[in-house]
Q: 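Before anything else, here's the structure in question.
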Amino acid sequence: MENYDFSKEFKKIYISKQRSAPDPVAAEMRVRLQSLPALGQVTQAEGGQITFTAVLEVPYDRAREPWQVSLWLALDGAEWREQALDRVEIGQEPFSLQPAEKSVSRTYFNGILSLSKSIQFTLKFRSGQNQEWRWIRDEHGLSDGLIVARASAAPTVLLCDVIPDLNKEWQVIEHMSQTPQTRLWSLETEVASAIGDASTFRDIDIGRPWGTYLRWFALVRLWAPWLAPRQGKGNLHLDQDAVICSFMSPRGNTVTLLAFSGVGNVLSTMRHTDNGGVSAHVRNDGTSSERAVILVAEGPDFDRTVASVMYHARTIVSNIKHADLTWDAELKTLAGQVKPEWKQNWYDGLGFCTWNGLGQRLTEQAVLDAVGTLAEHKVNVTSLIIDDNWQSIDYEGDGQFQYAWLEFEAEPKAFPNGLKSMVSRLRKQYPDIQHIAVWHALLGYWGGIARGGKIDQNYKTIEVIREDSKRRNLPLGGKMTVVAKEDVARFYDDFYRFLTDAGVDGVKTDAQFMIDMWTSASVRRDLIKTYIDVWTRASLRYFSVKAISCMSQFPQAMFHSQLPQDRPPLLVRNSDDFFPEIPASHPWHVWANAHNSIFMQYLNVLPDWDMFQTVHDYSGFHAAARCVSGGPIYITDVPGKHNMQLIGQMTGITARGKTVIFRPSVLGRSIYPYIGYDDDLLLKVGSYHGASQTGTGILGLFNISARPLLELIPVADFPGVMVSTEYVVRAHNTGKVSKPARPGAPSSLTAMSLDVRGYEILCAFPLTSYSGVKHKVGHTCTLGLVGKMTGCAAIMGSSVRQQESGRVSVTTRLKALGVLGVYVSTLLDMTIDGDFMATVEEKPVPRRCVSVSRQSECVLEVDVEAAWNEMGLDGGRGDEVEVTVTFDT
């Protein structure tokens, strides 16, 4: 039988969740209206006076009509009333980083509101005094917006204030929170032991946060291997068990509950109750009663409460000593042997995976031909992942999930010369490929170990029963053979020794969730942590950091092996698969990854947002998401079908000729967790690169809706920005740069319009001022490599110095070659020949390699790559390149 097509199951789960088409009248009129604070979401703001801004976009031939926009609002739950908004004067409008559309015109309106506790609002508009008002809800289906005053920390808050109806079955223990302005508790209760081979299950009500709440967010177990986000505005309703839940109170506070697992034999998750409360669903596989633990944190905002429960969970795990005393000692030794350059080579190179590109029946010739085609098209990959179907399997049973593994050596018909021969040929013919990894399942193959095969003959095995998938209609149930506890360590040592001898230096270990699908309590008790621990140690011992953990977003793995900080970060797949042939899966894929990273950022992992194809309707969308994710990037192109321009935006060539990607130093994640997938608002993925206060805030914008969207983006949305600092914002796709602005200032808004499948990456760069001598006082900063999606992450260090003479030097150390952008606010008053000098490695750059940006008149561009090649420079012992731009003021 052919391998199982996961995409069929994806369609069953998600395609039924179709989006409604835009209103035909609104589409015909092409009128769009959005505001900041935004319709359709809850916004926290400081109490007092706040500025409300709206943007109205109408057809250009109707721009001269006397359009009016009015707020309809209720203050602190009082009666609704109207407040007209004033037109913003020309020249005072929010900045646009996109080319002006000739077919439409934008008008901005604003007003001042007094915020005490909360403001619920919607908008209406009309084209003149005598015209009827049109409501935004009727036109576009946008729900009301809500502004709540930012809650101050309440150090004396009690848990009974947060959960008034807390179930008395829970023992409450207060802890010192590691996050400022938050309070932390654990809820603990005993769960009886397993009875024979049957686990004990308990459902224990917790309560309803605050008695009522405005919004909720949860990460649920989509099915056994994966997490997925859920959001809501009414009562909590979970279609699957949750690992973490957060709730926003009517006063703007957040409470976060974390179902803690990974210690002992208890697995805890959360469910909803009939009245919108939370309950714990607990399983005990142990031979004695054990404690279930739910961590609870309350504070003024979402991020702090999530950090509080995750930091405490990390503390609990770190205080547990491994039963095998040699384990901790060896782990410490192995972790200490990992060199920084090993991490950089594995994490920061462009990878190629065979899965979607070559199909699911691999052969030696197909792999060799694919890599050859990549080289012919100058697609320089540094890592090759040989995915599923290279192994010797029995092809017996009902499809892929029943197939079992025969022996270590590759499938003899498809790989007649053996794995070692093929890897040797690859390394000899393509020396730029630094790493070659192979796929395998944690238990060998999807169906475990084949009865009577060489592995079954050489290692002690046992027969276990696997339960059916409750979420997906997959043929998982039934008997399977796995290596027994006594031989798991020897099995992995022998297998990884075989791979190492074959020249393989990395692994992608998939199907890890299978160990949580066994029906027997004793099997789970004996084998779950055994397999997790043995694989962790073996992968470190043989491959250092060059391992990918896949289908492992189940609680035991996340808390027991991915949360501890005593080992190098592990690459962990962050969501369900990339399905190239299912259009509806692509916005959801990015959405799920962005929200899963809210949780995963606190684990000792590097979230892997999965491979994608560069020739595809959503290729740029996926590429931008991978660039802002902070994780690895690898492609699965069909050989010969490559978008070289897109690959060039994701990668660069170092001074020594290596291909690298540009990973921000802070992981990307959704910055508005309470916004729902169907709310028709842009997904905003925030990241950051560089040192605190002097680094760059990054905001990836993605239109996951089925219609074009228009929004106002404030500088305050960028992670890491400081109220006391001025910034310029640069858009990757257009190359345009905003005027300087401080977060919170009226001038700090940027209007962004994205079509369906549209995306943009905005970066906020902190400015350094300089005093003018010949010219006015100005500001400058380095923009990194301007041709790259996250070119700011090419900056390894930068400085700005002004001499007494007034001369300013901007020095930047770059990770790779490319075009360096330097923002100079007074550039319009200067000339390149008369005022500027650029050097690379202290050698003057040829004049033709320096120019003013065509997209932004205040940006000087230095083509470092062209200069490097023309000047005949070499990287010597280092990859970094130092560029200095000096100018007279």
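Hydrogens, waters and symmetry mates are skipped; everything else that's a heavy atom, side chains included, is used.
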Q: Applying salt bridge (charged side-chain N to carboxylate O under 4.0 Å, His left out) as the test, list every pair that has at least one member in residues 816-825; sequence neighbours left out.
A: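 Non-adjacent pairs meeting salt bridge (charged side-chain N to carboxylate O under 4.0 Å, His left out): zero.
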Q: Among all residues two or more places apart in sequence or in another chain, which pass the side chain to side chain donor-acceptor pair (under 3.5 Å) test with E857?
A: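 Scan of E857 (side chain to side chain donor-acceptor pair (under 3.5 Å), adjacent residues dropped) gives none.
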Q: side-chain contact (heavy atoms from CB on, under 4.5 Å) with N733: which of E760, M789, Q98?
A: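 Output: one option passes, namely E760.
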Q: State whether D348 and K815 are salt-bridged, where the test is any N-O pair (Lys NZ or Arg NE/NH1/NH2 against Asp/Glu carboxylate O) under 4.0 Å.
A: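 Salt bridge present between D348 and K815.
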Q: Aromatic rings F125 and W67: how do their planes relate, parallel, tilted or perpendicular, breaks at 30° and 60°?
A: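 If you compare the ring of F125 with that of W67, the planes turn out tilted.
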Q: Scan side-chain atoms only and decide if H595 and S670 contain a donor-acceptor pair under the 3.5 Å cut-off.
A: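 Distance-only check passes for H595 and S670.
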Q: Could you tell me if T812 and S798 have a donor-acceptor pair between their side chains, going purely by distance under 3.5 Å?
A: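 No, T812 and S798 have no side-chain donor paired with an acceptor closer than 3.5 Å.
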Q: Indicate whether the side chain of N593 and that of S575 have a donor and an acceptor atom separated by less than 3.5 Å.
A: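 Note: N593 and S575 side chains meet the donor-acceptor criterion.
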Q: Before accepting this row, confirm whether a basic side-chain N of the pair E82/K124 lies closer than 4.0 Å to the acidic partner's carboxylate O.
A: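 Yes.
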Q: Do the ring centers of F217 and F302 come within less than 6.0 Å of each other?
A: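 That pair passes the under 6.0 Å test.
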Q: By side-chain contact (heavy atoms from CB on, under 4.5 Å), which residues pair with T43, not counting sequence neighbours?
A: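 Scan of T43 (side-chain contact (heavy atoms from CB on, under 4.5 Å), adjacent residues dropped) gives P37, Q41.
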Q: Strictly by ring pair (Phe, Tyr, Trp, His ring centres under 6.0 Å), give each pair with a member in residues 685-715 just once, sequence neighbours left out.
A: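 Found F621-F702.
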Q: Check whether more than 12 heavy atoms from other residues, nucleotides or ligands sit under 6.0 Å from atom CD1 of I90, and answer yes or no.
A: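 Counting other residues, nucleotides and ligands, CD1 of I90 stays at 12 neighbours or fewer.
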Q: Would you please name every residue forming a salt bridge (Lys or Arg N to Asp or Glu O under 4.0 Å) with D61, sequence neighbours left out?
A: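 Checked D61 against salt bridge (Lys or Arg N to Asp or Glu O under 4.0 Å); zero matches.
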Q: Are F121 and F52 close enough that their ring centers fall under 6.0 Å?
A: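 Yes, ring centres under 6.0 Å apart.
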Q: Indicate, with yes or no, if the rings of H589 and Y618 have centres closer together than 6.0 Å.
A: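 Ring-ring flag for H589/Y618: false, centres at least 6.0 Å apart.
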Q: Quiz question: by atom type and distance under 3.5 Å, do the side chains of Y634 and D610 form a donor-acceptor pair?
A: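 No, no side-chain donor-acceptor contact under 3.5 Å.
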Q: Run the salt-bridge test on D679 and K233 with the 4.0 Å N-O cut-off and return the result as yes or no.
A: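 Salt bridge: yes.
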Q: If we ignore angles and hydrogens, is there a donor and acceptor under 3.5 Å between the side chains of Q613 and D637?
A: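 Looking only at side-chain atoms, D637 and Q613 do not form any donor-acceptor pair under 3.5 Å.
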Q: Between Y770 and T826, do the side chains contain a donor N or O and an acceptor N or O under 3.5 Å apart?
A: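 Side-chain D/A pair, T826 to Y770: present.
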Q: Enumerate the residue pairs fulfilling salt bridge (charged side-chain N to carboxylate O under 4.0 Å, His left out) with a member in residues 612-633, sequence neighbours excluded, ordered by first and then second residue.
A: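 Found none.
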Q: Can the ring centres of F578 and H622 be said to be less than 6.0 Å apart?
A: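 Aromatic pair counts; centres sit under 6.0 Å.
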Q: Below 30° counts as parallel, above 60° as perpendicular, anything between as tilted: where do the rings of F887 and F836 land?
A: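 Ring orientation of F887 relative to F836: tilted.
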